[in-house]
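For reference, the structure discussed in these notes is given below.
A note on names: the letters A, B, ... follow the listed sequences, proteins ahead of strands, and every chain is numbered from 1.
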Amino acid sequence: MLSEAEKPTAEFLDVAIWRGNAKRGVFHSYKVPQLENQTILDVVSYVQRHIEPKLTYRFACRVGMCGSCAMMVNGRPMWTCRTHVDRAMRGIMRGNPLTIEPLRNLPVIKDLACDMSGFFEKWTRAEGRFHPTRTRSEAIEAISPDSDARKAANEAIECINCAVCYAACDAVTGNKHYLGPAALNRAWTLINDQRDGGRNLRLSAVSGKGGCHNCHSQQSCSNYCPNELNPTMSITGLKRETTKAALKREI
Amino acid sequence: MIERHDTDILIIGSGGAGLFAALHAQKANPDLKITIAVKGLLGKCGCTRMVQGGYNVALSPGDSVERHFMDTIIGGKWLPNQDMAWRLCETAVTRIRELENEIGCFFDRQPDGSLHHKAFAGQTFDRTVHKGDLTGIEIISRLMEQVLARPIERMEEHRALGFIPSRDGEGIAGVLMVDMRKGSFRFVRAKAVLMATGGGPTMYRYHTPSGDKTMDGLAMALRIGLPLRDMEMVQFHPTGLLAGEDTRMTGTVLEEGLRGAGGYLLDGNGRRFMFDYDEHGERATRDVVSRGIFSEMRKGNTTPNGGVYISMAHLGPASVAEKFSGMVKRCGDCGFDLAGGLVEIVPTAHYLMGGVECDSDTRTELAGLYVAGEDAGGAHGSNRLGGNGVANSTVFGGIAGEVMAMDIDSQKTFRDPDGELLQAEIDRALQPFTIHKRTKISGNIHAIRDQLEKTMWDQVGIMRNAEGLQKGLDQISEINGRMMDCGLEDDEKVFNLTWHDWLNTQSLVEISGVIANAALSRENSRGAHFREDFQDEGNLEQSYFTRSRQSLDKDGRPRLKVEQKNVDFSIIKPGESLVEEM
Amino acid sequence: MGKLLIKPHRQHPLWLAFILHRLSGLGLAIFLPVHFYVLGLALNDQAGLDRFLHWSDNPLVRFAEFGLVFLLAVHFFGGLRLLALEFLPWSPRQKTYAALAVATSFFVTCAFWLNAV
Amino acid sequence: MIGVRLYLAQRLSAMVMVPLVFGHLAIMIYAIRDGLSAAEILSRTQGSIFWGLFYGLFVIAAAIHASIGLRVLAHEYLKIGNTNLNLLTGLIGSGFLILGARAVIAVTL
Ligand SMILES: Cc1cc2nc3c(=O)[nH]c(=O)nc-3n(C[C@H](O)[C@H](O)[C@H](O)COP(=O)(O)OP(=O)(O)OC[C@H]3O[C@@H](n4cnc5c(N)ncnc54)[C@H](O)[C@@H]3O)c2cc1C
Ligand code: HEM
Ligand code: SF4
Ligand code: F3S
Ligand code: FES
């Protein structure tokens with residue numbers, strides 16, 4: 001909990017929101033009334049509703065399921081619908097004014113909304129999709145929930161493709177081919193999915209010039225993933241499996 | 001000024017219905033050009049992603065399609081379109097296998113490796129397949145991956161504005177859209193169009209669906225004169241989070257299981273009140289609990305924000321935090337202590353059973369236009385079972401894909417659009433700018449929507465009566481008048497959310513009128529529809545559903561007509577059952 | 001922590017460990033050729049090598065050497081950490097290991113330095 | 001910008017260097033106790049096949065390791081593209097090899 005001294009006392013929040021387009025942008029300052037129950041998304045919504053009707057941002061589910069609302073808050077990537085203003089202003093995160101920017105590493109469309117198509121294109125390029133070995137006319141495979149592979153698959157499965165990890169990662173910033181933590185994390189779940197038939201295809205896909213080997217274990221992805229997933233761990237798994245496959249000349 | 005685009009199959013919406021339709025159409029005929037247009041990002045909007053509970057399917061030994069069907073009919077209080085309900089229960093079995101075996105979803109298993117089925121209210125068998133309490137994310141993410149990897153055209157952040165029938169009125173020619181990112185219009189011609197915008201009763205002050213859902217599809221269907229059925233049937237979830245007026249958290253669902261596990265509902269003074277209403281207390285069904293809470297709210301026994309409390313602490317905060325970790329964490333992120341403290345809640349509008357009338361092959365009255373998912377009316381009748389929503393959208397989405405591919409097989413040319421209607425739809429979308437040009441006043445669209453939400457909540461909500469409904473209708477038409485005075489400065493259409501808020505509110509106002517009228521016409525209480533002045537459920541054998549249809553009177557003004565149509569008991573009659581021991 | 005120097009999203013121990021490894025690697029890559037060159041002097045100019053070694057008694061040069069050994073130690077232990085991270089089963093104690101690696105390299109460098117003076 | 005093969009080369013060379021660097025560090029700590037002189041260094045190393053192999057291996061490993069390491073930096077910070085990167089990696093690698101070989105020859109032959 002916040003100590004008394006840390007509690008924001010002002011009735012208004014000073015907020016600086018980045019506004020602009022793909023080419024350029026600047027911060028605009030706004031004063032937003034502070035409320036007891038208020039997320040960063042609420043702050044942004046307030047500005048659009050009451051101060052700057054043309055402010056663009058993105059959200060859908062409001063509850064941390066769709067991964068549409070991620071932004072940089074005080075310089076850190078996070079989901080905004082589930083980040084209480086108090087939390088964003090506590091400790092090391094504190095910033096005055098509260099700054100809100102579009103996610104890093106993705107081209108901006110307008111204001112706080114970025115173009116996520118590159119992120120998803122890499123998802124596909126990493127073979128981040130299931131390759132079936134059965135059809136709908138067959139029974140569902142019995143799979144023990146306790147096997148090591150299944151546990152590993154489950155551990156990485158609850159990704160909402162919010163691109164927070166992607167925005168946090170400097171390997172993505174530096175290397176435009178790099179598939180990034182989310183896509184690789186997905187590939188790892190599939191590698192561990194015993195129902196999947198695309199193993200070697202996928203191992204090759206994550207071994208190319210933008211593959212898992214371009215991760216430098218910065219671990220910003222794991223540090224910021226709002227669902228507490230650990231893409232770093234997934235990526236090390238891929239590094240091991242691709243190494244084995246390469247040594248055996250399977251890829 | 002308006003860009004043109006052609007495709008074979010145009011799918012509007014990327015929920016379970018839209019994505020399944022794309023995959024099935026593509027599989028049925030890989031040569032077809034298939035386009036998905038969606039208001040948000042593909043797979044990242046809509047409610048299929050938000051499914052928590054799970055997916056109903058009769059798979060276990062001992063369970064049967066017949067049983068699932070009977071539960072659906074009884075849950076829907078004999079109003080469902082039985083052919084659709086049967087198709088739903090029957091196809092769910094193959095659909096879940098397709099989701100697991102071909103799409104790659106992984107649902108929770110039992111220790112022996114077989115699928116885990118959990119209990120869900122209103123069912124005689126444990127048949128809800130799930131992935132923890134994040135089933136929707138698993139379903140939509142996996143579907144999305146499959147769609148992304150195929151040559152299916154994507155039009156993201158494209159909002160459908162109007163269905164444009166052909167000049168001769170025989171079929172659909174295409175859909176008018178706005179590319180939200182550019183702010184420009186696009187007319188997309190297609191041989192077949194699937195409407196899968198997912199309904200979503202977001203015209204209520206408290207609501208669960210995602211922000212992008214605002215009844216656009218139904219409003220578009222209404223405007224071209226298609227019949228809508230069961231529009232009075234709005235399902236409320238009893239436990240929505242109540243966090244104040246100015247936060248988007250308000251209205252979002254707190255898990256059903258909290259009540260099931262023994263959570264207490266307390267009024268503003270800390271008194272447990274549910275036993276005043278039902279012997280099952282907090283564990284009574286959704287509609288009963290919603291009405292109980294609503295009654296307390298009317299009496300004024302409320303919390304600071306005007307709702308009631310849910311309290312879990314007596315079950316031991318640590319064990320609550322473990323059992324409901326996702327929910328507790330979500331509340332924690334937003335500043336609430338669900339495990340150990342009191343959290344304010346309020347019933348919240350969750351699902352619209354009503355929708356466009358169609359047959360069990362998803363065909364509507366208008367040739368070339370199909371409907372699936374929450375936009376389609378009929379499968380659930382007066383109440384939807386938890387777990388039948390996502391089954392419905394995935395089952396009928398897939399069917400629509402196949403049927404569309406089949407139906408257009410021999411169709412060589414596009415239908416010729418009705419140019420006048422196209423222009424009328426463009427003008428309609430530009431209304432706020434036109435108003436501003438005339439009045440030079442920028443209105444406050446948010447205040448108007450707030451007013452609509454309050455009206456619907458107070459007058460057309462959980463408990464209804466003739467007087468209130470009439471008042472509601474009057475207020476809706478007043479709100480409609482305010483819309484026509486609400487201008488918007490025309491200096492930037494690019495990704496202008498406030499313009500879209502205007503359009504959203506317009507769709508909501510149109511459909512709110514339909515809901516209120518249908519509710520007024522049903523003088524009994526069935527399922528989700530509760531009339532204080534007609535509490536009886538009416539004669540089951542003579543069950544009817546409402547059909548609302550809009551036409552233009554001779555002055556060109558829209559007029560809504562609500563009819564009562566007898567339910568066709570095509571499979572089973574009240575008093576009979578397909579299951580022996582029921 | 002200087003917000004301007006290190007952007008906020010980088011302000012966590014494991015990113016700092018990363019950048020330390022990267023900078024030390026770069027430092028080594030720059031230093032090693034120089035080191036090779038100096039040793040190569042022995043080939044035809046032993047006096048030159050001695051001159052260099054003598055010159056390196058200079059405190060400033062000494063300090064630079066201290067830095068180089070530190071670079072090598074940091075990169076070495078950091079590298080061990082990375083190899084373990086990549087090739088051994090995952091451990092949730094990454095921050096501890098990073099801290100340990102840095103601490104050990106300090107220790108080794110100090111040992112070197114104490115010996116040298 | 002590296003694929004699995006360059007990655008492997010870099011990690012394997014690092015693993016090779018682990019005992020070598022360890023040994024080198026230990027010797028340095030021991031050797032410099034009473035100052036360093038050319039004669040002292042050379043007396044230890046000259047004519048020793050062991051030290052020849054020891055440092056020879058180190059030079060090869062370091063050349064591989066560092067050239068790939070610098071390749072990564074060059075790509076990420078200087079945005080050098082694939083063809084030039086390959087060129088650069090080769091250049092740096094051979095530079096290291098030549099300088100290193102010269103040093104090893106100088107101290108051991
Ligand atoms: C919080 C929550 C929990 C739920 N839990 C369950 C559950 O446990 N089990 C269950 O069975 N059901 C559940 N449901 C219901 C279920 O989610 C829905 O019934 C079902 O997913 C609807 O699917 P759909 O494809 O019809 O629509 P959606 O998935 O809602 O998709 C609609 C799509 O249409 C798009 N769209 C809307 N308007 C336009 C426009 N004008 N132009 C272009 N695109 C547009 C939207 O952006 C979206 O992509 C839940 C619903 C909610 C809100
Ligand atoms: C035992 C000794 C060493 C070990 C264990 C080791 C280990 C590593 C590892 C694992 C990496 C990969 C970092 C990554 O990309 O994630 C690396 C990078 C690097 N190493 Fe070494 N290394 C050693 C010695 C050296 C030496 C002697 C040099 C200098 C010649 C050097 C220069 C580099 C460079 C320039 C990089 C690239 C830095 C980066 O990508 O961030 N290393 N090292
Ligand atoms: S791994 Fe985490 S941060 Fe990355 S996209 Fe998935 S949920 Fe978001
Ligand atoms: S932040 Fe980036 S460098 Fe690797 S560990 Fe995560 S992907
Ligand atoms: S709005 Fe969906 S995750 Fe925030």
Side chain / backbone / both / neither for [X] at chain A, heavy atoms under 4.5 Å:
| X | result |
| --- | --- |
| B/Leu497 | both |
| B/Val93 | neither |
| B/Cys105 | backbone |
| B/Thr250 | backbone |
| B/Arg449 | neither |
| B/Arg142 | side chain |
| B/Leu488 | neither |
| B/Asp501 | side chain |

What part of [X] gets within 4.5 angstrom of chain B, counting heavy atoms only: side chain, backbone, both, or neither?
| X | value |
| --- | --- |
| A/His131 | neither |
| A/Glu121 | neither |
| A/Ile160 | both |
| A/Ala139 | backbone |
| A/Ser137 | backbone |
| A/Cys61 | both |
| A/Asn154 | side chain |
| A/Glu228 | side chain |
| A/Arg195 | side chain |
| A/Pro226 | backbone |
| A/Gln48 | both |

Who among [options] has the most heavy-atom pairs with chain B under 4.5 Å?
| options | answer |
| --- | --- |
| A/His84, A/Arg134, A/Lys110, A/Arg49 | A/Arg49 |
| A/Arg186, A/Glu36, A/Arg125, A/Met116 | A/Arg186 |
| A/Ser144, A/Gly128, A/Gly64 | A/Gly128 |
| A/Gln38, A/Glu127, A/Arg58 | A/Arg58 |
| A/His50, A/Arg87, A/Glu138 | A/Glu138 |

May I ask you to name which of [options] has the most heavy-atom pairs under 4.5 Å with chain A?
| options | result |
| --- | --- |
| B/Gln110, B/His116, B/Arg181, B/Lys213 | B/Arg181 |
| B/Asp246, B/Asp108, B/Thr94 | B/Asp246 |
| B/Glu98, B/Arg154, B/Arg95, B/Lys39 | B/Glu98 |

A side-chain contact here means heavy atoms from C-beta on lying under 4.5 Å apart; do [X] and [Y] qualify?
| X | Y | value |
| --- | --- | --- |
| A/Trp123 | B/Glu145 | yes |
| A/Phe120 | B/Lys44 | yes |
| A/Asn161 | B/Ser141 | yes |
| B/Leu148 | A/Arg129 | no |
| A/Lys54 | B/Asn496 | yes |
| B/Asp333 | A/Trp79 | yes |
| A/Arg82 | B/Cys334 | yes |
| A/Ser45 | B/Arg248 | yes |

Checklist line | Smallest separation among heavy atoms of A/Ala60 and B/Asp212, with atom names | finding: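 Shortest heavy-atom separation between A/Ala60 and B/Asp212 comes out as CB-OD1, 3.6 Å.
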Notebook entry, point to check: Between B/Ile103 and A/Phe130, which heavy-atom pair has the shortest distance, and what is it?
Noted result: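 Minimum heavy-atom contact is O-CB, 3.4 Å.
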Notebook entry, point to check: Taking A/Asn37 for the side chain and B/Gly244 for the main chain, is one N or O donor matched with an acceptor at less than 3.5 Å?
Noted result: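 Here the side-chain-to-backbone pair does not exist.
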Checklist line | NZ or CZ of A/Arg150 within 45° of B/Phe106 ring axis and under 6.0 Å | finding: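 Pair A/Arg150/B/Phe106 counts as cation-pi.
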Margin query: Evaluate B/Arg97 against A/Ile140 for side-chain contact (heavy atoms from CB on, under 4.5 Å), listing each step before the verdict.
Written below: CA-CA 6 Å; B/Arg97 287 203 298 249; A/Ile140 289 171; 3.9 Å; yes
Could you tell me the separation between the [atom1] atom of [X] and the [atom2] atom of [Y], rounded to the nearest 0.5 Å?
| X | Y | atom1 | atom2 | value |
| --- | --- | --- | --- | --- |
| A/Leu35 | B/Glu245 | CG | CD | 10.5 Å |
| A/Leu55 | B/Thr498 | CG | OG1 | 8.5 Å |
| B/Leu115 | A/Ile143 | CG | CD1 | 9.5 Å |
| A/Met65 | B/Thr252 | CE | OG1 | 10.5 Å |
| A/Cys66 | B/Leu41 | SG | CG | 9.0 Å |

Next item on the list: Step by step, work out the side-chain contact (heavy atoms from CB on, under 4.5 Å) result for B/Gln52 and A/Val63.
Entry: CA-CA 12 Å; B/Gln52 298 185 313; A/Val63 289; over 6 Å; no
Next item on the list: Show your reasoning for whether side-chain contact (heavy atoms from CB on, under 4.5 Å) applies to A/Ile157 and B/Glu138.
Entry: CA-CA 8 Å; A/Ile157 208 168; B/Glu138 178 68 0; 3.7 Å; yes
Next item on the list: Decide if atom CG of A/Asp146 counts as having more than 12 heavy atoms of other residues, nucleotides or ligands within a radius under 6.0 Å.
Entry: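 Result for CG/A/Asp146: enclosed.
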Next item on the list: Go through A/Arg62 and B/Ser210 one step at a time and tell me if the side-chain contact (heavy atoms from CB on, under 4.5 Å) criterion holds.
Entry: CA-CA 7 Å; A/Arg62 314 174 277 150; B/Ser210 57; over 6 Å; no
